[in-house]
Amino acid sequence: MRLEHDGVLVSFAIPNGLPEAPKDNRLAVHTEDHPLEYLEFEGEIPKGQYGAGTMRVWDRGTYEVLKWEPRKLEVLLHGERVQGRYALFPIDKDEDPKNWMIHRMDPPPTRRRARPCPRKSSR
């Protein structure tokens with residue numbers, strides 16, 4: 001997850017994806033800030049390099065800052081795939097923590113269940 005803030009992309013690796021329900025917390029590893037040019041980066045990072053592997057943009061959108069403090073972030077995501085209120089908080093006691101948790105603060109929107117296909121008549 002990359003959040004534009006003060007002219008850089010504050011970046012978190014979220015290996016297990018964003019939590020869908022408020023009861024779930026997921027690891028969010030704070031990586032180094034990236035330049036704004038990285039916002040659209042996708043591709044292969046060579047083995048042996050930092051962040052090696054495939055990098056894909058999974059969602060795009062905007063966000064609102066609800067709280068931005070050194071040890072707590074709250075944002076409201078307005079993505080193409082994800083919408084919702086999320087909080088990030090460190091689990092490390094370090095001054096510059098690397099390991100954070102991400103927590104969904106509001107319930108996910110209810111999804112309309114697709115109506116079942118009509119059954120074929122046996123006549």
- Do you reckon V75 sits in the same ILVMFWY cluster as V8, going by side-chain contacts under 4.5 Å, direct or chained? yes
- Message: Do L77 and L18 make a side-chain contact, defined as non-hydrogen atoms from C-beta onward lying under 4.5 Å apart?
- Response: yes
- Task: Could you grab the distance from atom CD of E4 to atom CG of L39, nearest 0.5 Å is fine?
- Result: 7.0 Å
- Note on the structure: Taking every heavy atom of L73 against every heavy atom of E69, the minimum-distance pair comes out as CD2-O, 3.7 Å
- Any link between W68 and M1 through a network of hydrophobic side chains (Ile, Leu, Val, Met, Phe, Trp, Tyr) touching at under 4.5 Å? yes
- Message: Applying ring pair (Phe, Tyr, Trp, His ring centres under 6.0 Å), can you list everything that pairs with F12, at least two apart in sequence or on another chain?
- Response: H30, W100
- Message: Can you tell me how far apart CZ (R2) and OG1 (T31) are? Round to the nearest 0.5 Å.
- Response: 8.0 Å
- Item | Close side-chain approach of M55 and E42, heavy atoms under 4.5 Å | no
- Message: Would you compute the distance between atom CG of D33 and atom CG of L9 and round it to the nearest 0.5 angstrom?
- Response: 8.0 Å
Could you tabulate the donor-acceptor pairs under 3.5 Å formed by side-chain atoms of residues 82-91, not counting sequence neighbours?
from : atom 1 : to   : atom 2 : distance (Å)
Q83  : NE2    : G79  : O      : 2.5
R85  : NH2    : E74  : OE1    : 3.0
Y86  : OH     : P19  : O      : 3.2
Y86  : OH     : R104 : NH1    : 2.9

- Do you know which two heavy atoms are closest between M101 and N25, and how far apart they sit? CE-CB, 3.4 Å
- Item | Atom CD of E32: over 12 foreign heavy atoms under 6.0 Å | yes
- Roughly how far, to the nearest 0.5 Å, is NE2 of H78 from CD of E64? 3.5 Å
- Task: Report the residues that fulfil ring pair (Phe, Tyr, Trp, His ring centres under 6.0 Å) with W58, sequence neighbours left out, ordered by chain and then residue number.
- Result: none
- Item | CG on N99 to CG on D94, rounded to 0.5 Å | 8.5 Å
- Task: Please report the shortest heavy-atom distance between P22 and P108, naming the atom on each side.
- Result: CD-CD, 4.2 Å
- Of the non-hydrogen atoms in G7 and L36, which two are nearest, and what is the gap between them? O-CG, 3.6 Å
- NZ of K47 to CD of Q49: how many Å apart, nearest 0.5 Å? 13.0 Å
- Message: I'd like to know whether CZ of F41 has more than 12 heavy-atom contacts from other residues, nucleotides or ligands below 6.0 angstrom.
- Response: yes
- Query: Are V65 and L76 in one and the same hydrophobic cluster, where Ile, Leu, Val, Met, Phe, Trp and Tyr link if side-chain heavy atoms are under 4.5 Å apart?
  - Reply: no
- Message: Let's go through E40 and R60 carefully: what are the C-alpha distance in whole Å and the side-chain angles of both, what is the deciding distance for side chain to side chain contact (heavy atoms under 4.5 Å, CB included) to 0.1 Å, and is it a yes or a no?
- Response: CA-CA 9 Å; E40 296 296 323; R60 288 179 172 83; 2.8 Å; yes
